[in-house]
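Here is how names work: the chains are called A, B, and so on, in the same order as the sequence lines, proteins then strands, and each is numbered from 1.
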2 protein chains.
Amino acid sequence: MYAIKESSTNQLNKNIAINKCPVTYTLSKIGGRWKALILYHLIGGTRRYGELKKALPAITEKMLIQSLKELEMDQLVHREVKPVVPPHVSYNLTEAGNALQPILMAMAAWGIEYANTEDPSGRCMI
Amino acid sequence: MYAIKESSTNQLNKNIAINKCPVTYTLSKIGGRWKALILYHLIGGTRRYGELKKALPAITEKMLIQSLKELEMDQLVHREVKPVVPPHVSYNLTEAGNALQPILMAMAAWGIEYANTEDPSGRCMI
DNA sequence: TCGAATACATACTTTTTGGTTAGTACTTGT
DNA sequence: ACAAGTACTAACCAAAAAGTATGTATTCGA
């Protein structure tokens with residue numbers, strides 16, 4: 001027989017880990033399928049929403065805006081809207097976002113060295 | 001109305017990302033709730049199963065061995081069994097695992113700088 | 001007046017990840 | 001004979017993450 005769950009230990013454990021450990025904290029900000037990738041693309045400089053979409057053909061629009069929104073809330077990217085029509089929205093790294101660059105580069109380097117990724121340039125054109 | 005799903009785009013997308021992008025590849029190896037943390041603890045040197053368990057009180061045994069197993073399969077940690085009883089199993093980083101050290105350290109440093117984690121030493125005693 | 005272009009929003013479903021509970025094997029100490 | 005210690009294993013389930021499909025607003029140019 002199975003006992004009843006009263007609250008999410010999953011969520012609880014997550015928060016414990018995030019609050020007590022900087023490594024987990026960092027991972028919570030750049031983890032998931034797409035965030036690191038988006039950040040990596042923004043290292044190149046400001047990008048419009050549509051440019052990101054083109055650079056990441058495999059991502060769905062939902063995941064792209066969802067990720068961008070979370071990154072914005074976490075103050076890793078900055079969103080700028082030009083009030084024109086059709087809309088013109090661009091994204092670029094904040095200071096904290098920029099500070100992730102060494103991590104992202106190190107991850108790319110490690111991946112290039114220890115994996116057989118198809119594109120050894122590390123440009124991440126997914 | 002909803003169309004029928006014939007195969008996992010989720011899995012597909014994941015594999016595309018992993019195969020084409022070294023950043024995503026790296027993340028796929030150290031992502032998730034516990035792996036980075038375990039690796040981080042192994043930086044200190046060889047640890048027994050029970051030592052890891054004690055160091056990470058919040059992790060369940062299932063997640064600990066599951067993570068260790070995956071890390072072993074990915075050749076990031078090496079598992080050594082002494083055929084005694086009670087069993088004596090220890091884990092340590094492989095060369096590839098060791099090469100992750102700069103990334104882990106950089107993640108810890110970023111977390112310490114940009115978060116208010118409870119333990120600013122970065123020791124990750126969860 | 002209709003379509004194209006841009007940047008989203010929302011409701012819903014599937015897939016994956018993580019947690020719960022209970023049990024195993026083997027030997028030493030009491 | 002039985003508990004304790006060590007390192008697991010497996011069946012089951014809940015919660016989170018990711019994907020699908022469809023719809024919105026605005027204005028310009030044809």
Side-chain angles (χ1 to χ4, degrees), chain A residues 1-18 24 27-38 47-54 56-72 77 79-91 126, chain B residues 1-18 24 27-28 30-38 47-54 56-70 72 77 79-91 126:
Chain A
M1 230 229 236
Y2 248 66
I4 295 133
K5 195 74 57 59
E6 53 215 47
S7 89
S8 161
T9 324
N10 191 354
Q11 208 30 264
L12 204 85
N13 259 356
K14 187 174 170 183
N15 290 334
I16 290 172
I18 288 175
T24 306
L27 218 42
S28 76
K29 299 299 171 191
I30 67 174
R33 180 104 20 107
W34 301 110
K35 282 185 186 176
L37 208 42
I38 292 170
R47 294 277 177 274
R48 290 186 61 175
Y49 173 80
E51 292 180 299
L52 288 171
K53 213 172 71 174
K54 242 164 271 162
L56 277 46
I59 198 175
T60 61
E61 295 201 55
K62 183 208 162 200
M63 286 315 291
L64 181 52
I65 53 126
Q66 187 177 300
S67 303
L68 284 169
K69 224 171 215 179
E70 286 173 18
L71 289 170
E72 194 196 355
V77 311
R79 178 171 178 270
E80 200 169 353
V81 190
K82 281 187 193 139
V84 295
V85 70
H88 184 117
V89 181
S90 54
Y91 295 89
I126 298 195
Chain B
M1 230 229 239
Y2 249 66
I4 295 133
K5 194 72 58 59
E6 55 215 44
S7 88
S8 162
T9 324
N10 193 355
Q11 202 36 261
L12 205 85
N13 258 356
K14 186 175 170 181
N15 290 334
I16 289 172
I18 288 175
T24 306
L27 218 41
S28 76
I30 66 174
R33 178 104 20 109
W34 302 109
K35 283 187 186 174
L37 207 43
I38 292 170
R47 294 277 178 272
R48 290 185 62 173
Y49 173 80
E51 291 180 302
L52 288 171
K53 214 172 71 174
K54 241 165 273 162
L56 276 48
I59 197 173
T60 61
E61 294 201 57
K62 182 209 164 199
M63 287 314 292
L64 180 53
I65 54 122
Q66 187 178 300
S67 303
L68 284 168
K69 225 172 214 176
E70 286 172 20
E72 192 195 356
V77 311
R79 177 171 178 272
E80 201 170 351
V81 190
K82 280 187 195 141
V84 295
V85 69
H88 183 117
V89 182
S90 54
Y91 295 88
I126 300 196

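- Rounded to whole angstrom, the span from the NZ atom of Lys82(B) across to the C1' atom of dG5(D) amounts to 17 Å.
- In terms of phosphate contacts, Asn13(B) brings a side-chain nitrogen or oxygen within less than 4.0 Å of OP1 or OP2 of dG19(D).
- For the residue pair Glu51(B) / Tyr91(B), no side-chain donor-acceptor distance below 3.5 Å is found, with atom types taken as modelled.
- In this structure a side-chain-to-backbone donor-acceptor pair under 3.5 Å is missing from Arg47(B) to Ile38(B).
- Note that CD of Glu61(A) and NZ of Lys53(A) are 4.0 Å apart. Values are rounded to the nearest 0.5 Å.
- Contact between the side-chain N/O atoms of Thr9(A) and the OP1/OP2 oxygens of dT20(C) is found at a separation under 4.0 Å.
- The side chain of Val89(A) sits closest to dA7(C) out of dG19(C), dA7(C), dT20(D).
- Of the residues near DNA chain C, Arg33(A) and Lys69(A), the one whose nearest nucleotide (by heavy atom distance) lies more toward the 5' end is Lys69(A).
- Within the 4.0 angstrom heavy-atom criterion, no nucleotide atom of any strand lies near Lys53(B).
- Under 4.0 angstrom from either OP1 or OP2 of dT16(C) there lies at least one side-chain N or O belonging to Gln11(B).
- Annotation: the span from Ile30(A) atom CD1 to Leu37(A) atom CG amounts to 11.5 Å, rounded to 0.5 Å.
- In this structure, OG in Ser90(B) is found 6.0 Å from NZ in Lys82(B), a value given to the nearest 0.5 Å.
- Remark: C1' of dG19(C) and CG of Asn15(A) are 15 Å apart, rounded to the nearest angstrom.
- Atom pair Leu52(B):CG and dA7(D):P shows a separation of 10 Å (rounding to whole Å applied).
- Of the inter-residue distances, the one linking Ser28(B) atom OG with Lys35(B) atom NZ reads 7.5 Å to the nearest 0.5 angstrom.
- If you measure from atom NZ of Lys54(B) to atom C1' of dA7(D), you get 13 Å, rounded to the nearest angstrom.
- Comparing Gly32(B) and Glu51(A) by the nucleotide of DNA chain C that holds the closest heavy atom to each, the one mapping nearer the 5' end is Glu51(A).
- Taking only side-chain atoms of Arg48(B), from C-beta outward, the nucleotide of dA7(D), dA18(D), dA16(D) with the closest atom is dA7(D).
- dA16(D) atom C1' lies 11 Å from atom NZ of Lys62(A), rounded to whole Å.
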- Message: For a quick check, with a 4.0 angstrom heavy-atom cut-off, what is the B/S/- contact string for nucleotides 23-30 of chain C, read 5' to 3'?
- Response: ---BS---
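- Nearest nucleotide to the Tyr49(A) side chain, out of dT15(C), dA11(C), dA7(C): dA7(C).
- Residue Gln66(B) contributes atom CD, which lies 11 Å from atom C1' of dT16(C) at whole-angstrom precision.
- Remark: side-chain polar atoms of Thr9(A) are not paired, donor with acceptor, to backbone N or O of Leu12(A) under 3.5 angstrom.
- Leu64(A) places its CG atom 16 Å from the C1' atom of dA17(D), with the value rounded to the nearest Å.
- Checking dT15(C), dA17(D), dT20(C) against the side-chain heavy atoms of Lys14(A) singles out dA17(D) as nearest.
- Proximity note for Arg79(B) (side chain, C-beta onward) versus dT16(C), dC8(C), dC8(D): the nearest is dC8(D).
- In this structure, Tyr91(A) reaches the dC8(C) phosphate: one of its side-chain N or O atoms is under 4.0 Å from OP1 or OP2.
- Here the P atom of nucleotide dT16(C) and the CE atom of Met63(A) are 14 Å apart, to the nearest Å.
- Between Asn13(B) atom CG and Ile59(A) atom CD1 the span is 9.0 Å, to the nearest 0.5 Å.
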